Amino acid sequence: MTTDPSTPDVQPTLSLLTCLSTLSPSTPCAQELSTYISQGADVAYRDPNRTGASPLHVAAFRGNLEAVTTLLRAGAQWNSIDDNAKSVGEYALEGGFQDVYEHLVEEGVRTEFLLMALGAGGLHPDDEVEDSHEQDESVTSVKPASAHPSNANYLARRLTYSEGRLLDSDNNAVMMGWEAPLMELHANVIAPEPGLHVLNVGFGLGLVDEYLQKRSPATHTIIEAHPDVYAKMIADGWDKRPGVRILFGRWQDVLDQLQVYDGIFFDTFGEYYDDLKEFHEHVPNILSQTGVYSFFNGLAGTNPFFHDVSCRLAEADLGEMGLMTEYREVKMDELGDEVWQGVKRAYWSLPVYRLPVVTF
Ligand SMILES: C[S@@+](CC[C@H](N)C(=O)[O-])C[C@H]1O[C@@H](n2cnc3c(N)ncnc32)[C@H](O)[C@@H]1O
């Protein structure tokens, strides 16, 4: 759409924006907004004079719930972003409106849940989704947030271990040393005492596996799909470590070799939320009744609003499987630019990590 005021169909959109930008949280507005919408106002419009903010951004910032619900009903996208990739949820918080923020989170969870149920959720990197690709991907990708290859593509690339990082041939960070303290916490959560049977999916730098070994598990199964990682595991003697059993292959292909475990951890690469969800469907079959499951929670890890939606979505999906999720909050040090040097794209920038503790 163009903003040229001489274009006849622009007027309803401009009127809509003017109305929205003067609202207080309690101004009744549904009728007026609906009139502009029925006259052809574009609810997906991105205002160049407001760094690409959509009408929903403006409504969220003004804290007017009636405007927010009217726009959502008229087809505005809960996951719209402005030119700075700022979400509508962030606009609501900037305006100081927690109630509007909560409403938008619920809307996000509801929409994504429905899309998943219809089999339409979880965009893949190859999908051709023009402007919305980035915003949708940020909701559905697991690690890193974006710009990473599909799982098959990733598995065909050469990897390099350098300076405590595992990078693919395109400089995507597969795993980074700064995650070590998180991996220790994950290991403690899934193996709180010695003598347990544990499973880890995705070896990477072997951080979580080192911490699991320190917990002296009775058995320690590791699934790893990448040939370069597997070669490193063998070179480093992981196949001879106490209780260790390595299953070389994609987790999807070795499910029939799994048993029942007291602790399970999942952290792969190049996979999306629907892959994680697929793994979650198997968890009830391989987790002991008193066991603990956890996963690397990098869900939309560069945007607080999308992260909130993703966490609640995962909780709801696990709930459907009869599993209960508690998120333990871990304060994170700010990761400076130097941490991401040489890495194509940062996949984490939030101040708090929510460590999932999943039980029956
Ligand atoms: C982020 S790293 C895991 C890091 C690990 N948690 C650590 O503490 O170092 C992801 C690992 O999952 C492996 N991987 C990716 N897709 C996989 C799949 N479908 N099945 C099994 N392993 C996979 C990758 O090769 C990589 O080694």
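Note that this is a predicted model, so its numbers are computed, not measured. Every number for a ligand or one of its atoms is a count from 1 in the order of the listing.
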Next item on the list: Could you tell me whether the side chain of R158 reaches within less than 4.5 Å of the side chain of T160, counting heavy atoms only?
Entry: no
Next item on the list: Under 4.0 Å from a heavy atom of M183: give me the atoms of ligand 1 that qualify, with their elements.
Entry: 6 (N), 8 (O)
Next item on the list: Tell me which one of D253, V201, L205, D168 gets a heavy atom nearest to atom 9 (O) of ligand 1.
Entry: L205
Next item on the list: Report yes if some N/O of V174 lies less than 3.5 Å from some N/O of ligand 1; otherwise report no.
Entry: no
Notebook entry, point to check: Considering only heavy atoms, does W251 approach ligand 1 within less than 4.0 Å through its side chain, its backbone, both, or neither?
Noted result: both
Check: Between the candidates A225, G270, A152, G202, which shows the shortest non-hydrogen contact distance to atom 11 (C) of ligand 1?
Finding: G202
Margin query: Counting only heavy atoms, tell me which of F269, Y211, Y154 gets closest to atom 25 (O) of ligand 1.
Written below: Y154
Checklist line | Ring geometry between F266 and W251 (parallel below 30°, tilted from 30 to 60°, perpendicular above 60°) | finding: perpendicular
Notebook entry, point to check: Taking the inter-plane angle between the rings of H186 and F265 on a 0 to 90° scale, is it parallel (under 30°), tilted (30 to 60°) or perpendicular (over 60°)?
Noted result: tilted
Next item on the list: Answer yes or no: is there a side-chain heavy-atom contact under 4.5 Å between L205 and Y161?
Entry: yes
Next item on the list: Can you label the angle between the Y230 ring and the F248 ring as parallel, tilted or perpendicular, going by 30° and 60°?
Entry: parallel
Note to self: Below a 4.0 angstrom heavy-atom separation, can you tell me which part of E271, side chain or backbone, both or neither, approaches ligand 1?
What the structure shows: side chain
Notebook entry, point to check: Angle class for the F306/W78 ring planes (parallel below 30°, perpendicular above 60°, tilted otherwise)?
Noted result: perpendicular
Check: Nearest non-hydrogen atom to atom 6 (N) of ligand 1 belongs to which of V254, D275, D267?
Finding: D267
Next item on the list: Could you see which bit of N151 sits under 4.0 Å from ligand 1, with heavy atoms only: side chain, backbone, both or neither?
Entry: side chain
Next item on the list: Classify the contact between V229 and ligand 1 as side chain, backbone, both or neither, using a heavy-atom distance cut-off of under 4.0 Å.
Entry: side chain
